Number of protein chains: 2
Amino acid sequence: MTESALETDRAAGALPNRGSDSHAVAARFSALSHPARIEILKHLSASNSCCCREVVDRFDLAQSTVSQHLKILVEAGLVRFESDRQRSRYAVDRAALADVSASLNALVNSCCSGR
Amino acid sequence: MTESALETDRAAGALPNRGSDSHAVAARFSALSHPARIEILKHLSASNSCCCREVVDRFDLAQSTVSQHLKILVEAGLVRFESDRQRSRYAVDRAALADVSASLNALVNSCCSGR
DNA sequence: ATCGTTCATCGGCGATAAACGATGGACGGC
DNA sequence: GCCGTCCATCGTTTATCGCCGATGAACGAT
């Protein structure tokens, strides 16, 4: 972790968090910043729940690559993981997704109201 | 640009755009995927319009680094640029930002309705 | 017990991102 | 003209991403 750039804010005192930590928000956007992951999200939500293989068949990416993308989505908290036998079930965490959307809305609002 | 992963979709024919091109959406999220850029956005919107220097003073990043971040935001279409004498004025493009927010909302909705 | 399937992880590779210092162009002021 | 300021860009370094094939664990079925 770079842990330097924005720490100015903290170091400069004052502003403890200022609403939602931009670091955390950025992390979630980061998970959404790849077309494959967006498509995977759509696919997951359409099928309600998928195993890795299913996704692999859908997009022609190597299984390892898909697994990686799924991992990133899970780590970002956007997708929930559940081990089911030898399969792995992945499902969109709609609440979390809505939350990200809310964060963005908040940012947009802060940009407009702060005008 | 990798231009390989999701191109499967295109190459496989059919789906020309499927609503909003996930590629384009991902690109915008990518611009938002760095904490510094989020903070810069907030700062820009608070001050309505800033020159580069102003941002540099605010966050302790090198001038070149800030300039780069600003460039990324401009290229993503989230910030508008205007050359004003020897200064450079940067201002949030609120419409574009709202647009990104709308894209995300659409994604969330497609995830919930597609259930 | 031996396959076949599913999946996560490792190691490697090329490409991109992120940060910086240094350079030089464009202006304004002296 | 000569500085000082503001800024974009270049070149470099380091870290991370994105992709893959290969490996091995876990499990079901035969």
Side-chain angles (χ1 to χ4, degrees), chain A residues 1-8 22-23 26-41 43-44 47 49-76 79-91, chain B residues 1-9 11 22-23 26-40 44 47 49-76 79-91:
Chain A
M1 274 300 171
T2 56
E3 202 70 37
S4 62
L6 276 297
E7 305 330 289
T8 304
S22 61
H23 214 284
R28 311 206 122 178
F29 284 144
S30 183
L32 291 173
S33 72
H34 193 289
R37 289 195 286 271
I38 291 185
E39 289 297 325
I40 289 176
L41 264 187
H43 182 63
L44 285 187
S47 310
S49 140
C50 290
C51 62
C52 180
R53 183 82 209 309
E54 207 171 341
V55 180
V56 171
D57 288 343
R58 184 82 163 178
F59 311 97
D60 72 351
L61 290 172
Q63 178 267 325
S64 55
T65 304
V66 170
S67 187
Q68 187 104 347
H69 280 310
L70 285 169
K71 185 182 181 185
I72 290 173
L73 288 171
V74 168
E75 281 174 346
V79 164
R80 246 168 311 131
F81 166 78
E82 186 186 355
S83 184
D84 173 26
R85 318 296 166 191
Q86 84 270 40
R87 308 205 163 219
S88 294
R89 314 231 107 249
Y90 290 95
Chain B
M1 275 301 171
T2 56
E3 202 70 35
S4 63
L6 274 297
E7 304 331 287
T8 306
D9 279 343
S22 59
H23 213 285
R28 311 206 122 177
F29 284 144
S30 183
L32 292 172
S33 71
H34 193 291
R37 288 195 287 271
I38 291 186
E39 289 298 326
I40 289 176
L44 285 188
S47 309
S49 139
C50 290
C51 61
C52 181
R53 184 80 209 306
E54 206 171 342
V55 180
V56 172
D57 288 343
R58 183 82 163 178
F59 311 98
D60 71 352
L61 291 172
Q63 179 266 324
S64 55
T65 304
V66 170
S67 186
Q68 186 101 351
H69 280 309
L70 286 169
K71 185 182 182 184
I72 289 173
L73 288 170
V74 168
E75 281 173 348
V79 163
R80 243 168 315 129
F81 166 78
E82 186 186 356
S83 185
D84 174 26
R85 316 295 166 194
Q86 83 270 42
R87 308 204 163 218
S88 295
R89 314 232 107 247
Y90 291 95

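What you see is a predicted model, and the numbers here were worked out from it, not measured in a lab. Chain naming here is simple, since letters A, B, ... match the order of the sequence lines and numbering starts at 1 in each.
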Parallel, tilted or perpendicular: rings of B:Phe29 and A:Phe29 (30°, 60°): parallel
What is the distance, to the nearest angstrom, from the CG atom on B:Asp60 to the P atom on C:dG21? 11 Å
Using whole Å, what does the distance between atom C1' of nucleotide D:dG18 and atom CZ of A:Phe59 come to? 16 Å
Is B:Arg85 near enough to D:dT5 that one of its side-chain N or O atoms lies under 4.0 angstrom from OP1 or OP2? no
Quick one: is B:His69 getting a side-chain N or O under 4.0 Å of the C:dA19 phosphate, OP1 or OP2? yes
Would you tabulate the pairs of protein nitrogen or oxygen atoms and nucleotide nitrogen or oxygen atoms of nucleotides 5-8 of chain C closer than 3.5 angstrom?
residue	atom	partner	partner atom	Å
C:dT6	OP2	A:Arg53	NH1	3.3
C:dC7	OP1	A:Cys52	N	3.1
C:dC7	OP1	A:Ser88	N	3.4
C:dC7	OP2	A:Arg53	N	2.4
C:dC7	O3'	A:Ser88	OG	3.1
C:dA8	OP1	A:Ser88	OG	3.3
C:dA8	OP1	A:Tyr90	OH	2.2
C:dA8	OP2	A:Ser67	OG	2.7
C:dA8	N7	A:Gln63	NE2	2.9
C:dA8	N6	A:Gln63	OE1	3.0

Test of understanding: with side-chain contact (heavy atoms from CB on, under 4.5 Å), list the residues that count as partners of A:Ser64, not counting sequence neighbours. A:Ala62
List for me each residue that meets side chain to side chain donor-acceptor pair (under 3.5 Å) alongside B:Arg89, sequence neighbours excluded, and say none if there are none. B:Ser49
Separation of C:dT16 atom P from B:Ile72 atom CD1, nearest Å, is 14 Å
Starting from P on C:dT16, measure out to CD on B:Gln68 and report it in whole angstrom. 14 Å
Measuring from the side chain of B:Leu61 (C-beta onward, heavy atoms only), which nucleotide among C:dC20, C:dA18, D:dG28 has the closest atom? C:dC20
Could you tell me the separation between the CG atom of A:Asp57 and the CD atom of A:Gln63, rounded to the nearest 0.5 Å? 11.0 Å
Residue that, paired with B:Arg37, satisfies side-chain contact (heavy atoms from CB on, under 4.5 Å) out of B:Val79, B:Leu32, B:Leu73: B:Leu73
Would you kindly give the NE2-to-P distance between A:His34 and D:dT16, to the nearest whole Å? 18 Å
State, to 0.1 Å, how close A:Leu61 and A:Val56 come at their nearest heavy-atom pair, and which atoms those are. O-CG1, 3.7 Å
Expressed as a whole number of angstroms, how long is the span from A:His23:NE2 to C:dA18:C1'? 13 Å
For B:Lys71 and C:dA19, give me the distance from atom NZ to atom C1', rounded to whole Å. 15 Å
